[in-house]
Protein chains: 2
Amino acid sequence: MGLTIYDIAREAGVSASTVSRVINSRPGIRKSTRERVERILRESNFSVSEAARGLVNQTSRMIGILVSDIRNQHHIEGAYMIEQHFMQKGFCSLILNAGESDESKASYIRILASRRVNAAVLVGSAFQNDSVRRAIEAYMPDTPVIFQNGEFSLPNVSSAVADEVHGTAEAFSYLFDSGRRHIAYMNSNDTPSNRKKLDGYLKAAAEHGMEALVAVSEDSPERSAEATAALIAAHPETDAIIYAIDLLAVSGSRAILDMGLRIPDDIALIGTDNSPFSMLSNPRLSTIDTKLRELSTACSEMLEKAIADPQYNEHVVVTPSLVLRETT
Amino acid sequence: MGLTIYDIAREAGVSASTVSRVINSRPGIRKSTRERVERILRESNFSVSEAARGLVNQTSRMIGILVSDIRNQHHIEGAYMIEQHFMQKGFCSLILNAGESDESKASYIRILASRRVNAAVLVGSAFQNDSVRRAIEAYMPDTPVIFQNGEFSLPNVSSAVADEVHGTAEAFSYLFDSGRRHIAYMNSNDTPSNRKKLDGYLKAAAEHGMEALVAVSEDSPERSAEATAALIAAHPETDAIIYAIDLLAVSGSRAILDMGLRIPDDIALIGTDNSPFSMLSNPRLSTIDTKLRELSTACSEMLEKAIADPQYNEHVVVTPSLVLRETT
DNA sequence: GAGAATTTTGAAATCGATTGCAATTTTTTC
DNA sequence: GAAAAAATTGCAATCGATTTCAAAATTCTC
C-alpha cells in the first residue's frame, strides 16, 4: 500500500538518499535530478512516514494538549489558540480529553510521553494535583510543559495563571459598594480554581465584616436552577449572588425570574469567566473576566520559547477584571 | 535522555527481544525473568517509543479527527464522543482544526496521511467539496474515512448525515399549522449543510403556496441581531423566523425583544441544532434537533467496524425532530 | 542420568526514513 | 586535455522497537 522513498528512488533511477534530500529541500542536488524526483513524488501521491522520520530525527513534531473536558467552551478555546499557532509551524496537536480522576490525568501524561511530544500543555486548573506532578517528574522530566491556569515548581514547567482570589474579591467589593449587604456565593465542583475563587469571596466577606453564605451546585444548568431557588428560599434576604461559573449564573437567573424576583433590582448577579454566552443571556450577565484569551496567548508564547530553549521557564499571572452588564 | 529497550535489557541481563516480550505481555517468558524485567521497567520509568513501535507494526494507533472549527460547540461535541470511545481502545486522537478554505481542508488530509492514522473522521458538512474528495482519493485511498454530516461515494468513506431538508420543512409546517403566514428564514454562511436547510425552507414555502423571505447573517451574535432587526424593519408583517443556527436565533430574540415585540405572540422563533444553550436562553428557544448525538454515535460505531474491516462502508441518515419550547 | 520433549532466550532482519563520509561525476583552470 | 577543485550522488549506519528462527536451557521420561 504505502510507497516508501525506495520505491520513488527506483522509479527515478536514483538512491533513497537523493529522494530524501529532495523531499527535505536539502542543497547539493542537480536541478534536473531534483525536478525529476519531484515530478515522480507528485505523480505517485507519495507521503512521507512521519513515524520513520520522527524516529531518526528524535522528534515527533507534535504538541500534546491535555484538557480535562474538551466540551467545556472555556477549555477548548485555550486548546484552539495553541493548535492554531503551532499548526502553522508544522506541529500537530494531540488533543486528549484527560478525564475526571487524578490518576486518569496522570496516565495521559504517560501517553504523551510515549508519543514523544515536543511539548505538553495542560489546560485547566484540575491538573494541579500530586499524581500529575509525579507523572511529569517520572515520564517527562525534560519535555517542556506549559500549565494553563495552574502551577508546578518543576524546572521544565512554565505557567500562566489568573489571580482568581483577587477577581472574586473585587466582584464582592463592587457589590458591597453598590449597597448590597447579603452577598451569597454559589460554588461549583471542587477544583483548585474554584477553591481560589471561594477564597477570594471568603476573604472579601471577612474584610467587609460580613457573614459569608456559600451554596454549592454541580456544574449543570438544572442543578444550578435548583440550588439557586433553594438558596433564596432559605435566605430571602439575599440581595446578590456571585457564581463560580457563568453557566450556573445564567440558569440561576432564570430560576430567580421564575420566582417573580427582579434582576438586578431585587438580586444582583455576577458570573465568572466572561464566557461567550454570558452576553447572550437575558438579562446580559455581569461577570468576572478571567482573561482566558490572555492566558492562552501567554501559553502559546511560552510554549514557543520553551521548545526553542529547554532551559526556559517562566510563570506569569494575569489579573481578572469586572465586566458590568445588566445583572448588576 | 530517553531510555530504550536495550538499556533495560542490559540492566536486566537479558536481550531486547525479551524486554519487548515482557512489555507486550507475550507468552513464553519465565515468571522470574518477567518479574525482574517488569521491576526494572517500573523503576526506570521506561516508556516505549510509539514511533518505533508504529514503524514496525505499520500502525500509528491514532485516529485523525478533522474539524473545521473546534470552537464550535456543535463540532467539538462530535469530536469528543469519538475521542472518548477510542481512547479506551488505546487510540490517540489527532484533533486538527482544518480551517476555512477548501484547500486548507485538503492539505490536512495530507497531514493525516503522513501520520498514517488508522482512520479519519471529518466533522461538519464543510468538508464536502472537491478538493477534499481528491485529497482522499490521492492520499488516503485505503484508510477508513467517516464523514459526519456529509457524504462522498468513495469505497473507503462511510457517512452519517442528518436529513436537514426534512427538518427545516417540518419546522415550517408546524409554524404554518399554528397560523403563521409570514415565515422568514435567516440563513448563515454558505455550507452544504446550510444549503440543505435553506432548500427545506424553500421547498416547504412553495408547497404551502407562500412567498419565501430569506435573509442572511454571518455566524456571530452581533451580526444576527443586526440582520434580524433589519429583516423586521423591512418586513413588519413577519410573524415567524426560522434560523439556520441556534446561536443566531438567541441573539435575534434579544433584538426582537429590544424592539418592543413579544415572543412568541408577535413573532415565533425556531432555531436549528438544539445546542446546549438553546434551553438556557430566555425565552427558551424552540429548535430543530439535528440529532447530533445520534450522528456521533453512528460515526463511532461505523469507525469501529471500518477499522476492523477495511471493506466496510455504510451510509446512515438520521431524521431531525422539532423541540418545542417557549418561542413558538 | 542419558536422551527426548519442551520451554526460554537471543541474534539478526525489518519497518521507512536521515545523514556522514566516501566515491563518482562534472566543471575549472592552466 | 590532464590535473585540481567543486558539485552530485550513493553506501551504509542509525533511530527504537518487533518478530522469526535457531540455539540454549530446562523439564520430562524411562
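We find that CZ of A:R34 is positioned 9 Å from P of D:dT9, with the value rounded to whole Å. Protein atom CD1 of B:I8 is 15 Å distant from nucleotide atom P of C:dG10, rounded to whole Å. The distance from atom CZ of B:R53 to atom P of D:dT19 is 10 Å, rounded to the nearest whole Å. The separation between B:K31 atom NZ and C:dT8 atom C1' is 16 Å, rounded to whole Å. Taking atom CD1 of residue A:I23 and atom P of nucleotide C:dT18, one finds them 6 Å apart after rounding to whole Å. Taking atom CG of B:L3 as the reference point, atom C1' of D:dG16 lies 12 Å away to the nearest angstrom. For the pair B:I5 CD1 and C:dT9 P, the computed distance is 15 Å after rounding to whole Å. Here the P atom of nucleotide C:dG16 and the CD atom of A:E50 are 15 Å apart, to the nearest Å.
The side chain of A:R116 lies closest to D:dA17 when the candidates are D:dC15, C:dT19, D:dA17. For A:N57, the side-chain atoms get nearest to C:dT19 when compared with the rest of C:dT19, C:dA17, C:dG10.
Contact annotation for B:R21: base contact, defined as any heavy-atom pair under 4.0 Å involving a base atom. Residue-level contact check: A:S17 touches the bases, meaning some heavy atom is under 4.0 Å from a base atom. Residue A:V14 is classed as a sugar-phosphate contact, given heavy-atom separations below 4.0 Å to backbone atoms only. If you check every strand for non-hydrogen atoms under 4.0 Å, B:I29 touches sugar and phosphate atoms only. Residue-level contact check: A:S49 touches the backbone only, with heavy atoms under 4.0 Å from sugar-phosphate atoms and none from bases.
Close to C:dT18, at under 4.0 Å from its OP1 or OP2, lies a side-chain N or O of A:N24. Checking the phosphate oxygens (OP1, OP2) of D:dT9, a side-chain nitrogen or oxygen of A:T33 falls inside 4.0 Å. In this model, the phosphate group of D:dG16 is not approached by any side-chain N or O of B:T4 to a distance below 4.0 Å at OP1 or OP2. Residue B:R30 places at least one side-chain N or O closer than 4.0 Å to OP1 or OP2 of C:dT9. In this structure, B:Q58 reaches the C:dG16 phosphate: one of its side-chain N or O atoms is under 4.0 Å from OP1 or OP2.
Counting heavy-atom neighbours within 6.0 Å of B:E43 CD, excluding the residue itself, gives a total above 12. Within 6.0 Å of atom CD in A:E100, 12 or fewer heavy atoms from other residues, nucleotides or ligands are found, so the atom counts as exposed in its surroundings.
No donor-acceptor distance shorter than 3.5 angstrom exists from the side chain of A:K305 to the backbone of A:Y312, with no hydrogens or angles considered.
Both A:R36 and A:Y6 sit near DNA chain D, but only A:R36 has its closest nucleotide nearer the 5' end. Nearest-nucleotide positions on DNA chain C for B:A52 and B:T18 put B:T18 closer to the 5' end.
Using a 4.5 Å heavy-atom cutoff, the side chains of B:R195 and B:P192 are in contact.
A:I136 pairs with exactly one of A:L112, A:T143, A:V145 by the side chain to side chain contact (heavy atoms under 4.5 Å, CB included) rule, that one being A:V145.
Ring pair A:F127/A:F147 is perpendicular by interplanar angle, where above 60° counts as perpendicular and below 30° as parallel.
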